[in-house]
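One structure is given here, and the rest of the page talks about it.
Only this structure's heavy atoms are used, side chains among them; waters, hydrogens and symmetry mates stay out.
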Amino acid sequence: MALRLSAAVPLAMRRLPAAVRGVHDAAHGFHEAEIRDQLLRFPGGSIDVRKEEEGGIAVVTVNNPGRMNAFTGSMMVDLHDAVQQLERWPEGKGLLLHGANSTFCSGSDLNAVRALESSQDGLKMCMYMQNTLTRLMRLPLISVALVEGKALGGGAELTTACDFRLMVPGSQIRFVHRHMGLVPGWGGAARLVRLVGYRHALRLLSGAEAAGPQEALALGLADALLEPVSSPSSSTPDDDGGDGGAALRAALSWLEPRVAGAPEVVRAAKKVALSGAELPLEEALRAERDVFGTLWGAPANRRALARGAKHK
Ligand SMILES: CCCC(=O)SCCNC(=O)CCNC(=O)[C@H](O)C(C)(C)COP(=O)(O)OP(=O)(O)OC[C@H]1O[C@@H](n2cnc3c(N)ncnc32)[C@H](O)[C@@H]1OP(=O)(O)O
């Protein structure tokens with residue numbers, strides 16, 4: 001996808017595909033290796049990636065259940081590496097992001113927040129996460145955040161970096177930053193405004209109000225309320241056959257039909273939608289033309305014509 005290039009963008013960056021370009025670079029005083037080393041001093045938890053090669057869906061788990069899946073420094077690095085891995089997965093079509101033990105994520109690990117107390121350190125962490133979540137948002141995969149339990153603070157921000165949010169009964173998305181004397185810093189405010197509009201975003205941010213499934217659906221913050229059904233053999237709601245839980249299966253069922261078919265077509269749909277969202281109209285039209293040109297007369301198009309596809 002072509003993005004506007006300003007004179008301030010260094011030449012080396014211009015050669016990078018736009019999808020893997022973050023927002024901040026050395027020109028903005030951001031040195032990734034330096035902050036990466038600093039973040040690795042706060043270990044704990046993990047970001048787990050399981051690629052389902054056949055269906056082209058990656059399941060990414062925020063895994064720090066002892067701290068309600070709060071993001072330690074090493075998990076921020078893990079997430080960066082997971083996104084980088086998914087950028088290099090040409091067969092990939094979908095991404096399902098969820099939290100371990102049926103809760104989404106309680107934001108930054110408050111122990112790391114306390115240790116990174118200088119505003120310089122806070123800014124570096126903020127730029128690192130903005131870069132990572134921008135790259136997550138720009139992955140050529142249809143992405144879904146499955147919200148079980150609570151998505152708080154940075155956890156709420158993380159949900160907004162996905163294309164869709166699916167919620168289960170009793171779950172909530174809550175930008176609690178105000179109660180921490182903060183505002184979002186992982187790009188969550190900018191993305192929230194684009195999702196729900198200025199007034200609703202300001203209300204959620206200034207009031208630190210919890211959005212449950214019904215409100216989130218009404219606002220357009222959530223896309224569906226899942227009613228997961230445990231299989232009869234389940235001993236707990238989260239143990240229904242060893243495949244990660246009823247909610248995860250329900251979310252996969254929601255995603256699968258949306259990523260059915262040839263990877264190049266699914267990825268193209270994401271690219272043109274993202275161009276439309278991110279670029280001025282004329283550039284978006286040119287980007288759409290370029291993507292269209294890669295599909296017209298290509299195998300998936302020829303196969304559809306040959307079988308005389310009807311759309312009843
Ligand atoms: C730019 C990013 C900005 C940010 O993300 S700032 C961080 C915003 N998040 C928060 O402030 C969340 C604070 N935590 C809470 O409100 C509650 O712990 C929460 C998530 C509602 C869960 O409540 P409960 O179900 O009653 O469970 P609990 O409080 O006993 O928590 C279980 C264990 O998890 C820990 N925990 C939860 N959230 C954490 C966090 N963000 N960082 C570090 N540790 C966290 C909590 O301390 C507790 O640990 P322990 O069992 O006491 O050792």
Greater than 12 external heavy atoms within 6.0 Å of Glu117's CD: no

Lys/Arg N to Asp/Glu carboxylate O, Glu157 vs Arg174, below 4.0 Å: no

Residues His177, Met180; criterion side chain to side chain contact (heavy atoms under 4.5 Å, CB included); working and verdict: CA-CA 5 Å; His177 306 73; Met180 304 299 297; 5.5 Å; no

Cluster companions of Val272 among Ile, Leu, Val, Met, Phe, Trp, Tyr (side-chain spacing under 4.5 Å): Val291

Charged N-O contact under 4.0 Å between Asp81 and Arg36: yes

Stepwise side chain to side chain contact (heavy atoms under 4.5 Å, CB included) check, Ser106 with Phe71: CA-CA 8 Å; Ser106 64; Phe71 259 80; over 6 Å; no

Stepwise salt bridge (charged side-chain N to carboxylate O under 4.0 Å, His left out) check, Lys51 with Glu91: CA-CA 10 Å; Lys51 280 190 205 155; Glu91 299 82 19; over 6 Å; no

Gap between atom CZ of Arg258 and atom CG of Leu255 - 0.5 Å precision: 8.0 Å

Residues Ser46 and Asp78: side-chain donor-acceptor under 3.5 angstrom: no

Parallel, tilted or perpendicular, as decided by the 30° and 60° cut-offs, for the rings of His24 and His28: perpendicular

Hydrophobic cluster identity match, Trp89 and Val265, side-chain contacts under 4.5 Å: no

N-O pairing of Glu288 and Arg286 below 4.0 Å: no

Asn69 vs Asn64, side-chain hydrogen bond (donor to acceptor under 3.5 Å, both in side chains): CA-CA, chis, key distance, verdict: CA-CA 4 Å; Asn69 298 326; Asn64 191 9; over 6 Å; no

Interatomic spacing from CG in Leu221 to CG in Leu192 - rounded to 0.5 Å: 6.5 Å

Derivation and outcome, ring-ring contact (aromatic ring centres under 6.0 Å, His included), residues Tyr128 and His80: CA-CA 9 Å; Tyr128 189 86; His80 168 278; 5.6 Å; yes

Side-chain ion pair, Glu34 and Lys124, N-O less than 4.0 Å: yes

